[in-house]
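Quick note on labels: first sequence line is chain A, next is B, and so on, each numbered from 1. Note: hydrogens, waters and symmetry copies are ignored here, and every other heavy atom, side chains too, is used.
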Amino acid sequence: MKNRQEIARLKSLKLPLVIVIGLVLLCVPLFAGQFFSYLMLTFFAYAITVIGFNLLFGYAGLLSFGHALFMAVGAYTAAFLTSTFALPYMELILVAAVIVSAILAALIGALCVRYIKIYFAMLTLAFGMLFYTFLLKFYYLTGGDEGMRVLRPYLLGIDFSGTPKMQFLAGTYYIYAFVILAILTFVMWKIVSSPFGLCLKAIRDNPEKAEYLGVSVKKYRWYAFVISAAYAAVGGALLAPAVGQVDPGLTYWTQSGTLVFMSLLGGFDYFFGPLIGGIVYILLQNSVMSLTSYWRFIFGAILVFVVIVAPGGIAGVIGSLVKRRERRD
Amino acid sequence: MGKTRREFVKLVGGAAVGAGMLLAGRGKAQAQAKPAKGVPSGPVRIGAMPGLSGVIAVPGTAAWRTTQMWAEEVNAAGGILGRKVELSMEEETTAKDCVERFRKLTLETKCDVIVGLMSTGNGLAVGPLAEELGQLWLAWDATTQKGVVETMPRTKFSFRSTDNEAEAIGGAILTAKFFPNIKTVVGINNDYSYGRDCWDAYQAVLKHFNPNVKFVDALWPKLGETDFTSHIAALKKANADLIMTSFWSGDVPILMKQATAAGLFKRSKACFTTGGGAHYTLKKEFTPEGIILGYNSFYFKWTDTWPLLTKFVNAYYAKYKEYPVYETDHAYFVLQAYKEAVEKCYSILGRWPTKEEVGKVLSGIQVPSLSGFRGYREDNLMSCNFFMGLTSHKNPYDFVTINQMEVLTPVQIMKPFAGAKLYDWIKGWKS
Amino acid sequence: METILNILFSGVFHASTLFLVAAGLQVVFGVQKVFNLACGTFYGLGAYFGITVVKCLVEHNFPKALFIVPLIAAGLALGLVVGPIIERGLMKFVYDRDETFQLLLTFGLVMMLEDVIKFIWGTSPQSMGGIDMVYGQLNVLGATVPVYNLVVILCSLIIAGLISWLLMNTRFGRIIRATADKREMGEALGINMKVVYLKVFTLGTVLGTLGGALVVPAGAAVSEMGMDLIVLAFAVVVIGGLGSMKGAFVGALIVGVLKSLAISTYPEMEMLTIYIIVIAVLVIKPQGLFGGSRV
Amino acid sequence: MVLEVRNLNVYIKASHILRNVSIEMGENEVISLIGRNGAGKTTLLRSIMGFAKPESGSITFEGRDVTRCSPHETALAGIGYAPEESDIFADLTTLENIEIATWTRKTGRNEEERIKLAYSVFPTLERYKTRRGTQISGGERKMLSIARALAMDPRILLLDESFEGLSPAIIPQIAESIHEIARMGRPILLAESNIYHVPDFVDKIYVIERGEIIFSGKSEELLNDKAVLKIVAGAA
């Protein structure tokens, strides 16, 4: 109920806001420095990942503690296609990343969705670490700890190798990534407001009842798992060319923790929550890391604080403030 | 830049002040309050990227401490050409974050030079980036090697560390020298490229000197493993004459201790090619005498006749109650090289040089560092001596040092040029 | 024979520390339903603190042969202080939340405590020197085993025995088993869960810190020692069954011996074997080998 | 009054489960709370115990306000509770199940006396005292649940659906045991969905429907109130 109202309100009130924010984001390279644009670029990649991740976490109520696996799948796909196979077409990379991760997620998901809560978290963690060990061990294929180079991809078949790297990243590639983020956000919006999305929520809140009503709980969870994995792979594939190098560290369990952190920080109960979390996390990390070498402590403390005091995340806090004002009015 | 590289270098060569003179003058140099003529007034921004967590934390901390000590010292003496040195630190973590931090130091902090990085994976990510951004990057320990192959034989801005496998080659040379009669060898190396390359290179070199030696087994604990009892059971099973390892961090004392406790060294000799990376943790109580121990390019007591070393070791110990490890000299050298390169450029150009100009002077530079003179080759790889020897208890410390110290020169243990093929080079050796 | 014994001893030695950490994880999960990712960090804390205490005493001429006594005391004391602080200071706020939040809280704790260790002890590896060698070595059918390793195994066995005695024969143990099963009913019978949680979390912490303190004389304390251990302890509890003490015991033995065996026979497969077993157990018998029985 | 519930309103998540519920329990009274499944019986009992926090209203036990007490405080104050699902500790033996209740609340009677008391009311249990919670039958679990609550030596007992799912042969036996407890001078609140299971020694009946008390009075009066009777009897 609450969510339907929220959607209705969003449609009337928040849509212009979202468009304005989107346009501001798009114009960042015009007024901000190259480095800030680069940070936003990494944000786009993470945004796509967490938006997918939240379909699983926020909507289906399944906490995956190994989701970085799929980000790594996307990133390594980009690495393989650009360096090993010399097929530097970004569209091809994206499609391949989606296919590979979807196949992998379909297999892993078929096992994982039989469990919920802590078991689901543990099983996904185990798969994430299995993949991590795989990347390290299959040295001749993946470069082991050294990882692999990711060369600059062609966008829409056009070779931009003449442009200096930062200009490319803060220009063409920036817009490219933004457009993909916008499209995927819109698609996810359609997914969560479709009957499928509503069913997921029903399953999260009361799986027995949903099963009773004829919803195939496992199948829906499985779909959600595969979709979220595909999103993560797109995020990873977009991130890889920006970084220029992929390494197994991308799929260590603490990286999966970061994705959860972002969703929680922003507020996983809200559609845009994880996006807020992602941007705040990236900006915060950027400044805190320069400030002190004990940045992990600060991040741990923030996580603890959010969990204890504001489990709704930033969006939750804003939401309740808005509600309080509305009530007063 | 109107001049070609060759011309520029020639000019520099002509103007080059003897590095020893620079050294001698440094202590007395009047603290210049104002920047020299033609030099911008703001501080020189030096970005530093030490690894401060996980396995690289041990050398990373040492390098970061050295960097700070160096900066204090240089600032006290008036800075570089009168410009104060200002450090910006960004931690070395994953490749993704390193790229981000490197970009930040370049684009936001606007650093004149970035020093640091230890992991090869991160070096592979940052190397091309430095070239793209036109940012000087003087690596501490990171290379841009893929396995034993250098991926960036020609660089302008990135100055890489020594070849990864250098220590293993040195270790093999000394194994052949000190233990000519061993017949079997077992390896225990970390399960990542450095460990694997070291093991391969070690085998190739030892085979060269001692064709009859057999390599009976190889163990691959993952990086960061802290319990080796199981590996020691396997080492015992292998029952070899010599145990070779390229461990370099906190795992060295653990392996040493557990191996001694299990009586492993009663039967076998050992070669710890890089064990000096945590040498002060190798307590006499559990470290036997007479095994090969490598200190990489810096041994804290290699001589009494190099005042720079004595002064630094004393200052370091007074401050941190620890004896410095090899990464200190990598850190010290890159900064000193940068400073002298800038000063050389200034002596020619009469103004603060661009990054490219500094880079040109850095190629082939030789400067006095803690471990004696060391420098960059023309292919922008570090070139320095390596110190190795047999462990000894005859010293005033509670940890082992080495006697019969051997100084291995870069010519002996490093490929002659960046693009060279390692194993072809070894095959070409005359014994 | 000698080889088999070596593999076995090293496997069991590894298992004995794994057991302590996993037992800490189990008891907390069994009663509080919190999957405590920080259990590995407690292990690291115990190791560092143990070194500090023993070093300090040895400097003041404490007889070296008796070092095990203050070592155990240090592990216990640290757990008894840190456990309640974390439970009262942080954990108690999230008991009525979804387990996801509890998991994330402990994740935050891991990040914080790693830096606390770094802040206090720095990044250099710390060791007690060769103090464990005062006990010498033992020759068993040709295999040389450090006596201290046997001491650790023995201590771990004694602790396992104590825990089992505590759970089966004491009032506190029965209350733990009762509330692990049905918490609300326990409350309806007048059991103050606040007190139970405090005690249980402290017990879990003590098992971790004690494990760290016990194992460190045989190796060295390094800052990352807790991180990887979480993953191994996690493998142990999944194989043994979440929440089961018997499971922790058997799971630790399986992981420890298997690891040792893999290293000696096919070292490439060391970690892969463990993950594959974990996934196989989760798929075939998701409750783990002893998942049916509680605590 | 031993127990007095006044205008209790309880919400679970967003649903209003109890609406202005008031009940009273006097000395030596056995009262029965009748209502269909989902009418709010269990929620009322759980609210009294402190498991569900009321939005408004009050619960007074022996003159003391226990509205905001946590469950263990309520239990220690002297309210025994046997839930619908029996909630026997599966890993503990029958004896251990009973024992636990004797450790928490301290009264004039010592532990042995209280265990003996529990066995005297349910002699069957003594025979199975070394069996684990998983090894006894449904009827025995119901008995054990009540015996356990009794071993706490409570002032009053709240019994939720004590006859549900039992064979008709055992129901009178358990009813007799409950009657015996009542005769010891312990008031009892018996929640029941099946009107035919309500024992005849009940002094007062409350009927709850959709979270509201729609009837209170003696059982004869209920039999005369056709409208209410239709609601509760129809459910059985």
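Side-chain contact of C:Tyr95 with C:Gln32: a donor-acceptor pair under 3.5 Å is present, judged by distance alone.
Interface residue D:Tyr81: backbone and side-chain heavy atoms are both found under 4.5 Å from chain C. Residue D:Ile88 touches chain C through its backbone alone, counting heavy-atom pairs closer than 4.5 Å. Contact of D:Glu85 with chain C is not made at all, since no heavy-atom distance falls under 4.5 Å. Looking at D:Arg46, the atoms closer than 4.5 Å to chain C (heavy atoms on both sides) all sit in the side chain, from C-beta outward.
In this structure, C:Arg174 and D:Trp103 have side chains that are in contact, with non-hydrogen atoms separated by less than 4.5 Å.
Around atom CZ of C:Phe249, no more than 12 heavy atoms belonging to other residues, nucleotides or ligands sit under 6.0 Å away.
In this structure, C:Arg171 pairs ionically with D:Glu111, as a charged nitrogen and a carboxylate oxygen lie closer than 4.0 Å.
Your options are D:Leu92, D:Ile79, D:Leu76, and the one with the most heavy-atom pairs under 4.5 Å with chain C is D:Leu92. Among D:Met49, D:Arg105, D:Met152, the residue with the largest count of heavy-atom pairs under 4.5 Å with chain C is D:Met152.
Across every non-hydrogen atom of D:Arg68 and D:Lys53, the tightest pair is O-NZ, 4.1 Å.
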